[in-house]
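Reviewing the structure listed below.
A quick note: this is a predicted structure, and the numbers were derived from the prediction, not measured.
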Amino acid sequence: MKRVKSACILQTLVFAQKPEFGYSKERALKINREEIEHYKATLERARTRYQIIDTAENDDGSIIIHVRKQYNDNTDVSEYFE
């Protein structure tokens, strides 16, 4: 019988605005930064353990983040966050 001892998810998330909205780079960056803060607040409200590994801002105003986050609440994931 097997069981999961611990598990984490590595995700690459892109926060971007649709080009048809015609936002300037500065405006798009501001909106995307607000969306990232909202995303982090959602994770914290859900008590999901997470770590932002890397963040990159692109020329078009989009932001890419790499996130390591807890897969579920039933396993100890402290080894992934040391």
In plain terms, say whether E37 and R33 are close enough for a salt bridge, that is, a side-chain N and a carboxylate O under 4.0 Å apart.
no
Is the count of non-hydrogen atoms from other residues, nucleotides or ligands lying under 6.0 Å from Y39 atom OH greater than 12?
yes
Just verifying a value: how many Å separate [X] [atom1] and [Y] [atom2], rounded to the nearest 0.5 Å?
X   : Y   : atom1 : atom2 : answer
F21 : R27 : CZ    : CZ    : 11.5 Å
L13 : H66 : CG    : NE2   : 9.0 Å
F15 : T55 : CZ    : OG1   : 9.5 Å
L29 : Q17 : CG    : CD    : 10.0 Å
K40 : E35 : NZ    : CD    : 13.5 Å

Flag for Q51-Q70: side-chain donor and acceptor within less than 3.5 Å
no
With respect to Y50, which candidate in K69, Q11, E44 satisfies the side-chain hydrogen bond (donor to acceptor under 3.5 Å, both in side chains) definition?
E44
If you define the side chain from C-beta out and look only at heavy atoms, does anything of I65 sit under 4.5 Å from I53?
no
Between the main-chain N or O of D60 and the side-chain N or O of N58, is there a donor-acceptor pair closer than 3.5 Å?
no
For T12 and I64: C-alpha separation, side-chain torsions, deciding distance, then whether side-chain contact (heavy atoms from CB on, under 4.5 Å) applies.
CA-CA 7 Å; T12 301; I64 298 174; 3.7 Å; yes
